[in-house]
Each structure stands twice: as structure tokens, then as C-alpha cells.
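What follows is one structure encoded as C-alpha cells, with my remarks underneath.
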Amino acid sequence: HFQFLKVSAAMRRRYRDFPATGSALIVLATALIACSLSNCLAKAEVITLTSDTFNDKVQEKDTAWFVKFCVPWCKHCKNLGTLWEDFGKEIEGEDEIEIGEVDCSTNKPVCSKVDIHSYPTFKLFYNGEEFSKYQGARNIESLKAFVIGETQKAAAKSRDEDDGEL
């Protein structure tokens with residue numbers, strides 16, 4: 001960050017005869033620094049769920065939650081690398097689909113409640129109910145096809161159940 005500030009100061013001196021350009025550069029530099037400090041470019045749309053937040057989040061009406069259950073010491077979890085974060089970025093624009101993760105080493109009650117025995121485990125929840133478990137390939141395309149297809153099925157099933165209650 002400090003090198004960037006030096007460059008900005010040098011650029012500001014270079015463009016001091018052009019006040020509008022200098023001001024624009026200062027605004028741009030400030031925005032980039034704020035963004036990097038807040039991690040806005042690297043931050044994925046993966047929501048960390050805990051024992052305190054899990055139930056409330058997965059029970060959101062008409063919302064699918066695709067959740068990865070893992071532990072820090074698991075080599076298979078580590079081998080995923082940034083896949084889950086990259087997937088979170090990929091799915092970010094999809095309506096009514098949220099991507100979450102639970103660290104089972106610190107949230108054992110959640111993992112026990114949803115019957116997690118191996119890591120990583122991927123489960124889709126819809127309207128608070130477990131709908132399906134993912135056991136396919138570990139790549140963005142396969143994960144995306146699964147979550148979109150299963151979310152559509154879950155939404156249709158929910159609509160059918162709602163229509164049956166009328």
C-alpha cells in the first residue's frame with residue numbers, strides 16, 4: 001500500500017498543473033486503498049455460518065443454502081483450495097441461492113444436528129429443510145449445475161406443497 005501512496009504523490013506532483021486530473025487521481029487512489037483494506041476485490045460471497053446463525057439463515061423463506069461442512073485439519077478440505085470462494089463469486093448473481101460454510105471443529109452442535117460424519121460434506125437446504133447432498137465432481141461447473149437444478153426442484157416442491165394446503 002505504501003508504494004501505491006508514493007506513486008500517487010508523484011503522480012499528483014506531475015499533474016499539479018491539471019487540478020481536475022490530480023483530484024481524480026486522488027479520488028481513485030483513495031478508492032483503491034479503501035477497497036484493498038476492506039478486501040472488496042478478493043471477498044467471496046461465502047457466508048460463514050455458526051451455531052448461533054445456522055438455523056436462522058437456512059430457514060429463510062424461499063432461499064436455498066448450499067453449505068460446505070469442513071474442518072481445518074482435513075486434507076480433502078485443504079485440497080479444495082479456493083474452489084468454494086470461487087464458486088461463491090460465480091453464484092453471486094443467482095437469486096435466492098446463498099453459499100455458506102460451517103467449521104465443524106468450532107460448531108459441533110450444527111454438524112451433529114445435520115448428520116455430518118466426513119469432510120468436506122456439501123448439503124443443500126431449502127426453507128430450513130435439508131433437500132439434497134452433493135457428491136459430484138469438485139469443480140465450479142458441476143457445483144453450479146447441481147445447486148441451480150436442485151434449487152429449482154426444491155422451489156417447485158415447495159410451491160406444490162403450498163398449493164396443496166389451500
Side-chain angles (χ1 to χ4, degrees), residues 1-5 28-162:
H1 299 305
F2 295 112
Q3 288 178 334
F4 187 77
L5 291 173
L28 178 61
T30 303
L32 288 172
I33 291 168
C35 184
S36 65
L37 290 175
S38 68
N39 245 352
C40 69
L41 294 176
K43 186 93 171 140
E45 270 304 312
V46 175
I47 299 167
T48 300
L49 301 172
T50 66
S51 297
D52 294 333
T53 62
F54 182 82
N55 287 334
D56 288 340
K57 291 292 187 182
V58 299
Q59 289 180 15
E60 291 175 355
K61 180 95 172 108
D62 298 327
T63 301
W65 277 87
F66 193 31
V67 182
K68 174 183 79 168
F69 297 88
C70 58
V71 290
W73 46 261
C74 167
K75 75 175 186 174
H76 301 291
C77 298
K78 289 178 185 178
N79 287 341
L80 291 174
T82 62
L83 174 68
W84 201 244
E85 288 79 16
D86 296 342
F87 174 64
K89 290 176 188 174
E90 178 72 22
I91 212 76
E92 192 172 338
E94 295 293 329
D95 288 340
E96 309 306 327
I97 298 175
E98 298 289 347
I99 307 301
E101 67 182 354
V102 175
D103 179 346
C104 291
S105 69
T106 57
N107 297 284
K108 292 177 184 168
V110 171
C111 298
S112 295
K113 179 182 177 185
V114 296
D115 203 29
I116 304 299
H117 299 288
S118 61
Y119 310 105
T121 296
F122 306 92
K123 290 189 175 191
L124 183 90
F125 299 85
Y126 194 82
N127 288 345
E129 299 294 323
E130 181 180 328
F131 187 76
S132 57
K133 182 177 177 179
Y134 180 74
Q135 296 179 321
R138 293 179 180 172
N139 59 60
I140 290 176
E141 296 79 21
S142 299
L143 290 165
K144 186 173 182 179
F146 171 83
V147 76
I148 290 173
E150 292 297 295
T151 297
Q152 290 170 348
K153 289 178 194 174
K157 181 180 176 190
S158 179
R159 277 191 304 272
D160 291 346
E161 289 172 357
D162 288 347

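In this structure, a donor-acceptor pair under 3.5 Å is present between the side chains of S105 and D103. In the model, S158 has a side-chain atom that pairs as donor or acceptor with a side-chain atom of N127 under 3.5 Å. For the residue pair S142 and N139, a side-chain donor N or O sits within less than 3.5 Å of a side-chain acceptor on the partner.
Note that CZ of F125 and OG1 of T63 are 14.0 Å apart. Values are rounded to the nearest 0.5 Å. Once rounded to the nearest 0.5 Å, the distance linking CG of L143 with CD1 of I99 reads 8.5 Å. In this structure, CG in D52 is found 12.5 Å from NZ in K57, a value given to the nearest 0.5 Å. One distance of note links CH2 of W73 with NZ of K78; it measures 10.0 Å at 0.5 Å rounding. The line from CZ of F69 to CD of E101 is 11.0 Å long, rounded to the nearest 0.5 Å. Note that OG1 of T48 and NZ of K68 are 9.0 Å apart. Values are rounded to the nearest 0.5 Å.
In terms of heavy-atom proximity, L124 sits nearest to A64 at CD1-CB, 4.0 Å. G88 and V46 get closest at one heavy-atom pair: CA-CG2, 4.1 Å.
Applying the salt bridge (charged side-chain N to carboxylate O under 4.0 Å, His left out) test to pairs two or more places apart or on separate chains, those with a residue in residues 134-146 are E90-K144. The salt bridge (charged side-chain N to carboxylate O under 4.0 Å, His left out) analysis of residues 113-127, with sequence neighbours excluded, yields the pairs K123-E130.
For Q59, the CD atom counts as densely surrounded, since its 6.0 Å shell holds more than 12 non-hydrogen atoms of other residues, nucleotides or ligands.
For N107 (side chain) and V102 (main-chain N/O), no donor-acceptor pair under 3.5 Å exists by modelled atom type. Looking only at distances, no side-chain donor or acceptor of T53 sits under 3.5 Å from a matching main-chain atom of L49.
Contact of the D86 side chain with the I140 side chain is registered, since non-hydrogen atoms from C-beta on lie closer than 4.5 Å. Looking at V147 and Y134, their side chains never come closer than 4.5 Å, going by heavy atoms from C-beta outward. No side-chain heavy atom of E96 sits under 4.5 Å from any side-chain heavy atom of T151.
Aromatic ring orientation, W84 versus F122: tilted (interplanar angle from 30° to 60°).
Looking at residues two or more places apart in sequence or on another chain, you find no disulfide (SG to SG under 2.5 Å) involving C77.
Test P120, C70, S118 against H76 for side chain to side chain contact (heavy atoms under 4.5 Å, CB included) and you get one pass: P120.
The aromatic ring centroids of F54 and W65 lie 6.0 Å or more from each other.
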What verdict does the side chain to side chain contact (heavy atoms under 4.5 Å, CB included) test give for K157 and F131, after you've listed the backbone C-alpha separation in whole Å, the side-chain angles of each residue and the deciding distance to 0.1 Å?
CA-CA 10 Å; K157 181 180 176 190; F131 187 76; 4.0 Å; yes

Audit row: E92, K89, salt bridge (charged side-chain N to carboxylate O under 4.0 Å, His left out) steps and yes/no
CA-CA 5 Å; E92 192 172 338; K89 290 176 188 174; over 6 Å; no

